[in-house]
2 protein chains.
Amino acid sequence: MQTELAIKCFQAIGQTHRLSMFRLLATAGETGHLAGELAHALDIAPSQVSFHLKELEHAGLVFATREGRFIRYRIEATQVAALMEFLLSDCCRGRPELCTPQAQIPPLKQTQGA
Amino acid sequence: MQTELAIKCFQAIGQTHRLSMFRLLATAGETGHLAGELAHALDIAPSQVSFHLKELEHAGLVFATREGRFIRYRIEATQVAALMEFLLSDCCRGRPELCTPQAQIPPLKQTQGA
DNA sequence: TCTATATTTTGATAATTATTGAAATATAGA
DNA sequence: TCTATATTTCAATAATTATCAAAATATAGA
């Protein structure tokens with residue numbers, strides 16, 4: 001992931017409403033959520049939901065599909081993964097212990113004991 | 001990690017200069033960097049370095065120690081790890097495959113530690 | 001077609017954040 | 001003490017981002 005895009009992503013989830021949406025969409029998985037559902041869940045005006053969803057979309061973290069009058073938003077898993085990788089390998093390059101809490105690395109066979 | 005703090009962290013690294021500093025400090029590890037070194041590396045005014053470092057510090061991502069006339073900044077590894085965990089378990093709860101692609105876990109070859 | 005509903009777009013304003021330059025603070029060493 | 005250097009703080013301004021309300025767009029169904 002390019003630095004510029006990573007910044008956009010961090011900026012996107014660095015805001016109350018957008019982080020809430022991000023979390024709702026992440027946990028909803030394939031099901032996603034309709035824009036209206038998010039508006040109701042966050043209790044904010046539809047124009048604001050639209051505004052913030054667009055920010056997330058521009059960062060590539062979510063995508064939209066129309067369903068009749070409704071628009072469903074889903075998390076873009078590959079982008080989330082890419083962002084994760086950016087943090088892990090690009091920012092903390094060579095120092096995985098720095099950014100990787102133990103709980104996070106279950107399936108790793110260590111070549112050397114720490 | 002509390003949501004509010006996570007937002008502060010994402011906001012902190014969601015800015016060009018601050019992400020640059022964050023990366024420099026992360027890869028520098030225990031050595032860290034003097035404020036002046038960062039100013040030189042990023043080619044920005046000292047007052048700006050100070051401003052942005054404070055944002056990172058307020059987010060708990062870095063900390064400062066005085067060394068005579070100099071001030072050395074280092075990454076706060078535990079906070080970075082906590083942020084990582086927030087993304088992994090708090091945002092993508094129950095869907096680890098969503099945020100943690102295999103490619104993300106680095107080889108963990110501990111060459112030269114601190 | 002017309003009406004109702006879901007959502008987006010637009011434009012104005014408010015709020016926050018970043019930048020700049022100057023002044024202040026802290027410390028080292030003469 | 002005084003001077004030089006490193007860094008921070010402050011105040012003003014610029015730039016960006018968020019909020020709000022109204023209007024526009026898209027679609028379903030009568």
Side-chain angles (χ1 to χ4, degrees), chain A residues 3-25 28 31-76, chain B residues 3-25 28 31-76:
Chain A
T3 298
E4 208 180 316
L5 182 54
I7 289 170
K8 224 171 181 174
C9 286
F10 290 132
Q11 210 166 230
I13 58 178
Q15 205 272 353
T16 318
H17 297 326
R18 289 196 296 264
L19 182 58
S20 295
M21 290 172 169
F22 177 79
R23 289 172 80 171
L24 285 170
L25 293 177
T31 308
H33 281 294
L34 303 180
E37 291 175 346
L38 295 172
H40 182 260
L42 276 70
D43 192 30
I44 56 178
S47 66
Q48 257 203 90
V49 175
S50 211
F51 170 78
H52 288 303
L53 279 170
K54 186 152 300 177
E55 296 283 310
L56 286 169
E57 201 178 8
H58 284 164
L61 292 169
V62 310
F63 65 97
T65 50
R66 180 171 278 278
E67 292 181 11
R69 277 179 296 175
F70 305 86
I71 298 183
R72 185 174 299 274
Y73 284 86
R74 293 187 180 84
I75 198 90
E76 185 68 84
Chain B
T3 299
E4 208 179 315
L5 182 55
I7 289 170
K8 224 169 181 175
C9 286
F10 290 133
Q11 212 168 228
I13 57 178
Q15 206 273 353
T16 318
H17 297 326
R18 289 196 295 264
L19 184 58
S20 294
M21 289 172 170
F22 177 80
R23 291 172 80 171
L24 285 170
L25 293 176
T31 309
H33 281 295
L34 303 180
E37 290 174 350
L38 295 172
H40 182 258
L42 275 72
D43 193 28
I44 56 179
S47 64
Q48 255 202 93
V49 175
S50 211
F51 170 79
H52 288 303
L53 279 171
K54 185 151 301 178
E55 297 282 312
L56 287 168
E57 203 178 8
H58 284 164
L61 292 168
V62 311
F63 66 97
T65 50
R66 182 171 277 277
E67 290 183 11
R69 279 180 296 177
F70 305 87
I71 298 183
R72 186 174 299 275
Y73 284 86
R74 293 187 179 84
I75 198 92
E76 185 68 83

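No experiment lies behind these values; they were computed from the predicted model shown. Worth knowing before you read on, the calculation uses all heavy atoms, side chains too, and leaves out hydrogens, waters and symmetry mates. Proteins get letters first, then strands, A, B, ... in listed order; numbering begins at 1 in each.
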Between atom [atom1] in [X] and atom [atom2] in [N], what is the gap in whole Å?
{"X": "B:F51", "N": "D:dA14", "atom1": "CZ", "atom2": "P", "value": "17 Å"}
{"X": "B:F70", "N": "D:dT5", "atom1": "CZ", "atom2": "C1'", "value": "7 Å"}
{"X": "A:L19", "N": "D:dT17", "atom1": "CG", "atom2": "P", "value": "18 Å"}
{"X": "B:I71", "N": "D:dT5", "atom1": "CD1", "atom2": "C1'", "value": "13 Å"}
{"X": "A:L53", "N": "C:dA6", "atom1": "CG", "atom2": "C1'", "value": "13 Å"}
{"X": "A:H40", "N": "C:dT7", "atom1": "NE2", "atom2": "P", "value": "13 Å"}
{"X": "B:E55", "N": "C:dT19", "atom1": "CD", "atom2": "P", "value": "11 Å"}
{"X": "B:I44", "N": "C:dA18", "atom1": "CD1", "atom2": "P", "value": "11 Å"}

Can you tell me how far apart NZ (A:K8) and OG1 (A:T3) are? Round to the nearest 0.5 Å.
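Here the interatomic distance stands at 14.0 Å.
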The side chain of B:S47 is closest to which nucleotide in this list: C:dT7, C:dT19, C:dG21?
C:dG21
Is a donor on one side and an acceptor on the other found under 3.5 Å between the side chain of A:E67 and the backbone of A:F70?
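A pair under 3.5 Å: no.
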For [X], report the nucleic acid contact type (base, sugar-phosphate, nothing); a contact means any heavy atom under 4.0 Å.
{"X": "B:L34", "value": "sugar-phosphate"}
{"X": "B:R18", "value": "sugar-phosphate"}
{"X": "A:Q48", "value": "sugar-phosphate"}
{"X": "A:A45", "value": "nothing"}

Check: protein-nucleotides 24-30 of chain C nitrogen or oxygen pairs below 3.5 Å:
none

[N] phosphate, OP1 or OP2, under 4.0 Å from [X] side-chain N/O:
{"X": "B:H17", "N": "C:dT19", "answer": "yes"}
{"X": "A:Y73", "N": "C:dT8", "answer": "yes"}
{"X": "B:H52", "N": "C:dT17", "answer": "no"}

Counting only heavy atoms not in B:E4, do more than 12 sit closer than 6.0 Å to its CD atom?
no
Under 4.5 Å between any side-chain heavy atoms of A:L34 and A:I71, yes or no?
no
Side-chain contact test, heavy atoms from C-beta onward, threshold under 4.5 Å: evaluate it for B:Q11 versus A:Q11 and give yes or no.
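Of all side-chain heavy-atom pairs linking A:Q11 with B:Q11, none is under 4.5 Å.
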Minimal non-hydrogen separation, [X] against [Y], with atom names:
{"X": "A:A12", "Y": "A:E55", "result": "CB-O, 4.3 Å"}
{"X": "B:L53", "Y": "B:A35", "result": "CD1-CB, 4.2 Å"}
{"X": "B:Y73", "Y": "B:L25", "result": "O-CD2, 3.3 Å"}
{"X": "B:L42", "Y": "B:H17", "result": "CD2-O, 3.4 Å"}

Watson-Crick or G-U wobble partner for D:dA30, using a 3.5 Å limit on both distances?
C:dT1
Taking it one step at a time, do B:T31 and B:R74 satisfy side chain to side chain donor-acceptor pair (under 3.5 Å)?
CA-CA 7 Å; B:T31 309; B:R74 293 187 179 84; over 6 Å; no
Taking only heavy atoms on the protein side, list every residue of residues 5-15 of chain B lying under 4.0 Å from any atom of DNA chain C, sorted numerically.
B:Q11, B:Q15
